[in-house]
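The block underneath contains the structure these notes are about, expressed in structure tokens.
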Amino acid sequence: MPNDGAPLIRRYRRLLLTYPRAYRRERGDELLDTLRDAARPGRTRPTVREAVNLIGHGLRCRLGRPASRTVVVWAVLTAVVWGLFGAAAATRVAWETARPLPDPVAARAVLSGVFPEHEIGVIEPAPALFLIYGQPLSWEALPSLLFFDGGEYGPAAVGTGVTGHPPIDPDEIVARTRQRLRDGGWQVADPLVRNAVDCPDGRCDPTNLTTLVAQRGDTILTVEVSSRTTVQDTYLWVALTRAAPLAVHPAAMAGGLLGAAIAWLVFGWASRRTEGRSVVRVTVTMLFGLALVLWWLPVLLTVPGLLRHHRTEAHPTPHPLWEWLGQPAGSLLFVVGCAAALLGLALATLPRRQPALHVGQRSATPAG
Amino acid sequence: MREPTFLILTALADGPRHGYGIVQEVATLSEQRVNLLTGTLYTALDRLTAEGLVAHDHDETVDGRRRRYYRLTPAGLTALSAQAARLRQLATAAETRLRATRPRPA
């Protein structure tokens, strides 16, 4: 016996919102009747399996082209990359909740406590948390940002280098620094020792660089100690940076979901809109294909290298998400991809020559 | 052809059915093994319609609710026949092998 309980129907109707509006208008009652007939008597809620099934198939229905097996792949690729872009943009916004970097006086106080036997030189203030060529992002920096210099955009640091004969042996500098940092409540990662220069042929510069990374609260201290100790060489570099604020994580989640959802809806709209219009469909498909390549290319080129880099060096705070997406280093590709996608969307908005309904809807139209 | 598709086409082989009728018939045909959910059914019907294997047949009003009936098209009938023949050939081949390996009763 069918269950015609209002709460169940209301909940089914809510789930059917995942289907496009035109489809709901045409087939919604039919789906509801089938759902109601299939429901056990007395049920007031859809089962989890039913809910997942309706959401999944509703989202699929939004893509149109019911006979296509590839449209889902393209939609997923678009939604994932825009989920990542959305998450990256949201993390950048969330970084604004971070405290400014310490001013030179505060930085000197911190560094003097850790390195009392060294002469800390001039410390320049950081004008912003993220800089490109030492300056905050501005319209003047747009050419650099777009034309493959976007990799210069990165977290700012407050620090300095110390030049001359070190008062103590470099190994002793590392050991004392570690101890003082621990005593001062810093969390210190294991030191990383590497050659100062790459030596692919095996004949290396004997100079070693020892890197120490420590974190206390939202402050990260990076120390580099060189084994080369001559009068004219810098033997100690110190830099204070900010750790990612806590707001970055929820912001990334929210931005990611929002970006993916909007991308899915827009992709589905364009897909349905170009259905049955061969010339427009082919052109829009090519433009979207080009956009996807341009969006994904920097991601695929960047992630392996950055993963290797993260594995080999201590990172109390990972590189910002946009760097993992190859941005803004690949911002030109991103912008051209967006232009191609927008052109595709503009073509999709062109009026149809004659009204053409969704294939599924056509089938639903009462015969002659 | 996947099993649910095969079962939907089979459910429509002896005449037009509405959505819930197809669900019931698929359950019967599969001896309750396949329980088609509504979302899956209509996605499959849309696809089969787009492929020209299924078409809308007629509407009926029962208890004030409009029921939409679907039927197999000639192309759907051909596709179902071809798939049935393929499955029959595979089943026959498997049975033959199984008979050869089965020990004979003493």
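We name chains A, B, ... by the order of the sequence lines, and we start the count at 1 in each one. Values reported hereafter were calculated over all heavy atoms of this structure, with side chains retained and with hydrogens, waters and symmetry mates removed. Just so it is clear, the structure is predicted and the values come from calculations on it, not from any experiment.
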Note to self: Quick check on Leu246(A): does its CG atom have over 12 non-hydrogen neighbours (other residues, nucleotides or ligands) under 6.0 Å away?
What the structure shows: no
Margin query: Heavy-atom pairs under 4.5 Å with chain A: which of Thr40(B), Val23(B), Thr43(B), Asn35(B) has the most?
Written below: Thr40(B)
Margin query: Using a strict threshold of under 4.0 Å (side-chain N to carboxylate O), is an ion pair present between Asp29(A) and Arg68(B)?
Written below: no
Check: Under a 4.0 Å N-O cut-off, is there an ion pair linking Asp46(B) with Arg60(A)?
Finding: no
Notebook entry, point to check: Does the side chain of Asp37(A) come within less than 4.5 Å of Arg65(B)'s, by heavy atoms?
Noted result: yes
Note to self: For the interface with chain B, which of Leu31(A), Ile55(A), Leu16(A), Leu15(A) has the highest count of heavy-atom pairs at distances below 4.5 Å?
What the structure shows: Leu31(A)
Check: Roughly how far, to the nearest 0.5 Å, is CD of Glu30(A) from OH of Tyr42(B)?
Finding: 3.5 Å
Next item on the list: Measure the spacing between NE2 of His18(B) and CG of Asp33(A) and express it to the nearest 0.5 Å.
Entry: 9.5 Å
Check: Is Leu37(B) close to Glu50(A) at the side-chain level, that is, under 4.5 Å between some pair of heavy atoms?
Finding: yes
Check: If you count the non-hydrogen atoms of other residues, nucleotides and ligands that lie under 6.0 Å from CZ in Arg97(B), is the total more than 12?
Finding: no
Next item on the list: Count the heavy atoms of every other residue, nucleotide or ligand shown that sit under 6.0 Å from CH2 of Trp74(A), and state whether that count exceeds 12.
Entry: no
Note to self: For the CE atom on Met253(A), are there more than 12 heavy atoms of other groups (residues, nucleotides or ligands in this structure) within a distance under 6.0 Å?
What the structure shows: no
Item checked: Minimum side-chain heavy-atom gap Arg69(A)-Arg47(B) below 4.5 Å -> yes
